[in-house]
Amino acid sequence: MHGIERVLDEVERASDEIVQYTRDLVRIPTVNPPGDEYDACSQFIGRDLEARGFDVEYIAAEGRPEHTSRHPRINVVGTRRGGGGRVVHLNGHFDVVPPGGGWTVDPFAGIVRDGRIYGRGVCDMKAGIAAALFAAEAISRAGVPLPGTIEISGTVDEESGGYAGVAHLAQIGRIAAGRTHCVIIPEPLNVDRICIGHRGVYWCEVAAHGRIAHGSMPFLGASAIDGMGRLLQLVREELMPQLTARRTAVPVVPAAARHATINVNGIEGGQPVDGIQTPCVADTCRAIFDRRFLLEEGFEAAKAEFDSFVRRAAADCPGVSFDLRELMVVHPTRTPDDSPVIAALQASIRRVLGRAAQLIASPGTYDHKHVARIAGLPHCVAYGPGELELAHQPDEYCRIDDLVNATKVLALATLDLMGVTS
Ligand SMILES: [Zn+2]
């Protein structure tokens, strides 16, 4: 039997172990926020990596404000060195969003039923971590000599921006151009799809300031709520249709997200609605805007455009002034079309699933941005088991056959990237 076939065989044989490992991970409730059980989870992954012959480092996010004694931010990185060839890094975040309501099973029991594993974070993305780990394990069990180095990391806080996780590893040079050849992030994007990037994010807070007056004589004041209302009206009637008319060439899914978008994530103004009532014209109103911009638009243009709408609202509302505060900017990323990491996954998906891979991009954002922007590494994609639509939902699950197939694909792609193709 050729090396590649032996590897596929070893993954198949390890199916039950892969499922068990995923269930064990799901049972560690690494809920973020606030960042529970990170230490326990990094230790669990680290001990396992060590037992499988990896050198293991625990990397705390020293210097980050969210790294506290109550909720330490601890990442784990395992390294298995082969020959002097490429370094292939498989990265998975182990934090999960809170379970929320609507579950019909215990979200942290790791229940297996009808060929699926259920639990919060099972597809996003503890199954992905299991797939990465058993991809490496199958290569070693198959006795295929490794001409390069495999790194597997479990990181924190992806769900809250990844600053103490992948961004930290990139900042300290642990993931870096020149050191790392490529990064594959096994996020749940469906077993035959390769995610090559995401749109940009521009979050800002707009505060409207008016003039307080007695609510019985509103003409004596200037309502900040009316000012914000004018801005919302301009956004809805003029900006939104313009954004919808713009379309990116990047293959974002779902297709409706192939356009630029804007959402109002929250708004508050005037007196507290549930407090003691006093009649006043609102002197403040704040709203959070969530603008997703396209690679073709660029951040500067998106920002300048939004600024112009705020200025127009101010001009239309005498007595009301506006402040704008930037909360978060994420630039769009796109893996180069000729990246070897895309080619390796395409070939492996064809071999394992017998069909062509689809290239997609994410409507949101994930840790890819830190690899591209901070580590300066262009060769990064997301590929992993599980369905995107199930992430963050009640009764989240991952199909076991997807998990096993994704493990095979990751094993073959890792070898392909190191030059082993038969
Ligand atoms: Zn995720």
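The chain is numbered in sequence order, starting from 1. Values below: every heavy atom of this structure, side chains too, minus hydrogens, waters and symmetry copies. No experiment lies behind these values; they were computed from the predicted model shown. Start at 1 and go down the list; that is how both ligands and their atoms are numbered.
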| query | Is there any side chain to side chain donor-acceptor pair (under 3.5 Å) pair reaching into residues 240-249, and which pairs are they, with sequence neighbours excluded? | reply | R246-E297, R246-E305, T248-E296
| task | Please name the residue in the list L234, N263, I262 that meets the side-chain contact (heavy atoms from CB on, under 4.5 Å) test with M240. | result | I262
| said: Under a 4.0 Å threshold between the charged nitrogen and the carboxylate oxygen, would R80 count as salt-bridged to E151? | reply: no
| query | With sequence neighbours left out, what residues match D24 under salt bridge (charged side-chain N to carboxylate O under 4.0 Å, His left out)? | reply | R27
| query | If only atom types and distance count, is the side chain of D95 paired as donor or acceptor with the main-chain N or O of E159 below 3.5 Å? | reply | yes
| request: Pull up every protein N/O/S atom sitting under 2.8 Å from the Zn ion (ligand 1), skipping waters. | output: H93 NE2, D124 OD1, E187 OE1, E187 OE2
| request: If a pair satisfies salt bridge (Lys or Arg N to Asp or Glu O under 4.0 Å) and one of its residues is in residues 177-200, list it, with sequence neighbours excluded. | output: D192-R355
